[in-house]
Protein chains: 2
Amino acid sequence: MDNRIRILRTSLKLSQEEVAKLCDVSRQTINAIENNKYDPTLHLAFRLADILGVKVDELFIYNKST
Amino acid sequence: MDNRIRILRTSLKLSQEEVAKLCDVSRQTINAIENNKYDPTLHLAFRLADILGVKVDELFIYNKST
DNA sequence: TAATAATGTCAAAAACTTTTTACATTTCAA
DNA sequence: TTGAAATGTAAAAAGTTTTTGACATTATTA
């Protein structure tokens, strides 16, 4: 599962820490998800998409095979 | 987080068990998510949406407040 | 009605996500 | 080039999702 967090986040000039606060999760969580270390819960995915101004389906790129 | 799993699933004439098999999770997991017992992981949300023929953003209704 | 399929639910364990604390490395502006 | 901010990473603990097995209830259909 790929994602477009970094590109959207940086184009909004937000740090991982700022996004973390807006999502009410830790900075490490944002870092891990951005770097594809594990899948977030759906709830967090929605919060992230909301903050980054896109739909969940636009933020995460699902790969049917994995 | 509300969802439209049941209505889509039944309109496809699929049982919870059949959907579970297609998603490669247990029947109890499908039942719990359908009945809003807890949020799925994003990966499962994508598998479900895919099987039910909709986008994640169409399958789950995010409520900014919760 | 009786049998069968489908759904709801529970508890314990397994698996996974997230937090916390801490430190290393990279980036960027002064 | 130095200092500060941002990012990467790790390990243990906490929290949440998912599995498994089991049984009860509700729906469906013969």
Side-chain angles (χ1 to χ4, degrees):
Chain A
M1 180 101 66
D2 217 348
N3 73 76
R4 297 191 176 130
I5 297 172
R6 178 152 320 182
I7 192 150
L8 291 164
R9 177 176 65 74
T10 54
S11 77
L12 289 170
K13 300 206 191 305
L14 293 170
S15 68
Q16 292 180 349
E17 189 159 28
E18 288 168 323
V19 170
K21 270 180 190 139
L22 290 168
C23 285
D24 201 31
V25 294
S26 72
R27 175 180 70 81
Q28 286 81 343
T29 295
I30 298 301
N31 182 78
I33 292 166
E34 195 168 300
N35 288 305
N36 215 348
K37 296 291 168 59
Y38 46 69
D39 276 351
T41 58
L42 185 56
H43 192 238
L44 176 49
F46 268 105
R47 277 181 288 174
L48 257 175
D50 191 42
I51 283 156
L52 297 175
V54 294
K55 293 290 183 185
V56 168
D57 288 282
E58 296 165 350
L59 187 54
F60 294 91
I61 297 118
Y62 175 58
N63 219 327
K64 224 176 268 198
S65 52
T66 34
Chain B
M1 181 98 67
D2 217 350
N3 73 76
R4 296 190 178 131
I5 297 173
R6 177 152 321 183
I7 192 151
L8 291 164
R9 177 176 64 75
T10 55
S11 77
L12 288 171
K13 301 208 190 302
L14 293 170
S15 68
Q16 291 180 349
E17 188 159 27
E18 289 168 323
V19 170
K21 269 181 192 137
L22 291 168
C23 284
D24 201 32
V25 295
S26 71
R27 177 180 69 79
Q28 288 84 338
T29 294
I30 298 302
N31 182 77
I33 291 165
E34 195 168 300
N35 289 304
N36 214 347
K37 296 290 167 63
Y38 46 70
D39 277 351
T41 58
L42 185 57
H43 192 237
L44 175 49
F46 267 104
R47 277 181 288 174
L48 258 175
D50 191 42
I51 283 156
L52 297 175
V54 293
K55 292 291 182 184
V56 168
D57 289 281
E58 296 165 349
L59 187 54
F60 294 92
I61 297 118
Y62 175 58
N63 219 329
K64 223 176 268 199
S65 52
T66 34

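Heavy atoms only: backbone and side chains are in, while hydrogens, waters and symmetry mates are out. Each chain gets a letter, A, B and so on, in the order the sequences are listed, and its residues count up from 1. The structure displayed is predicted, hence computed values, not measured ones.
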Notebook entry, point to check: Do A:Asn3 and A:Leu48 have side-chain heavy atoms sitting under 4.5 Å apart?
Noted result: no

Notebook entry, point to check: Is there a donor N/O on one and an acceptor N/O on the other, under 3.5 Å, for the side chain of A:Gln28 and the base of C:dT21?
Noted result: yes

Checklist line | Ionic contact status for A:Glu34 with A:Arg6, cut-off 4.0 Å | finding: yes

Next item on the list: Using only side-chain N and O atoms of A:Arg6, determine if any of them is under 4.0 Å from OP1 or OP2 of D:dG8.
Entry: yes

Margin query: For a quick test of reading the model: is some side-chain N or O of A:Asn31 closer than 4.0 Å to OP1 or OP2 of D:dT9?
Written below: no

Checklist line | Rounded distance (Å) that lies between atom P of D:dT28 and atom CD of B:Glu17 | finding: 17 Å

Notebook entry, point to check: Is the backbone N or O of B:Leu14 less than 3.5 Å from a side-chain atom of B:Arg9, with the two atoms forming a donor-acceptor pair by type?
Noted result: yes

Notebook entry, point to check: Roughly how far apart are B:Ser26 OG and B:Lys21 NZ, rounded to 0.5 Å?
Noted result: 12.0 Å

Check: Under 4.0 angstrom, heavy atoms only, what part of the nucleic acid is A:Glu34 near: base, sugar-phosphate, or nothing?
Finding: nothing

Notebook entry, point to check: Any chance CG of A:Asp2 has more than 12 other-residue heavy atoms, nucleotides or ligands included, within less than 6.0 Å?
Noted result: yes

Margin query: So, OP1 or OP2 of D:dA6: does either fall under 4.0 Å of a side-chain N or O from A:Arg9?
Written below: no

Next item on the list: Ignoring backbone atoms, establish whether B:Asn35 has a side-chain N or O less than 4.0 Å from OP1 or OP2 of C:dG8.
Entry: yes

Next item on the list: Provide the closest heavy-atom pair for B:Ala45 versus A:Leu42 in the form atom of the first, atom of the second, distance.
Entry: CB-CD1, 3.8 Å

Item checked: B:Cys23 to B:Arg47 - nearest heavy-atom pair and separation -> O-NH1, 2.6 Å

Checklist line | Minimum heavy-atom distance A:Asp57-B:Phe46, with the two atoms named | finding: OD1-CE2, 3.5 Å

Note to self: On the nucleotide D:dG8, are OP1 or OP2 found under 4.0 Å from the side-chain N or O atoms that A:Gln16 carries?
What the structure shows: yes

Notebook entry, point to check: Is there a donor-acceptor contact under 3.5 Å from the side chain of A:Asn35 to the main chain of A:Asn31?
Noted result: yes

Next item on the list: Rounded to the nearest angstrom, tell me the gap between atom NZ in A:Lys13 and atom P in C:dT27.
Entry: 17 Å

Next item on the list: For B:Lys21 and C:dA5, give me the distance from atom NZ to atom P, rounded to whole Å.
Entry: 12 Å

Note to self: Just to be sure I understand the geometry, which residues of residues 48-59 of chain A put a non-hydrogen atom under 4.0 Å away from DNA chain C?
What the structure shows: none

Check: Quick one: B:Ile30 CD1 to C:dG8 C1', roughly how many Å, whole number?
Finding: 15 Å

Check: Do you know which two heavy atoms are closest between A:Met1 and A:Tyr62, and how far apart they sit?
Finding: SD-CA, 3.9 Å

Next item on the list: Would you work out how much the helix from C:dT1-D:dA30 to C:dA30-D:dT1 bends between its ends, with each end axis defined by five base pairs, to 10 degrees?
Entry: 60°

Are any protein N/O atoms closer than 3.5 Å to N/O atoms in nucleotides 15-18 of chain D? If there are, list each pair with its distance.
| from | atom 1 | to | atom 2 | distance (Å) |
| --- | --- | --- | --- | --- |
| D:dT17 | OP1 | B:Asp39 | N | 3.2 |
| D:dT18 | OP1 | B:Thr41 | N | 3.1 |
| D:dT18 | OP1 | B:Thr41 | OG1 | 3.3 |

Next item on the list: Taking all heavy atoms of A:Ile33 and all of A:Ile5, pick out the closest pair and write down the distance.
Entry: CG2-CD1, 3.6 Å

Check: Can you name the closest pair of heavy atoms from A:Val19 and A:Ile30 and give their distance?
Finding: CG1-CD1, 3.9 Å

Checklist line | Distance in angstrom units between B:Leu42 CG and C:dC16 P, rounded | finding: 16 Å

Note to self: Rounded to whole Å, how long is the line connecting atom CZ of A:Arg27 with atom P of C:dT21?
What the structure shows: 13 Å

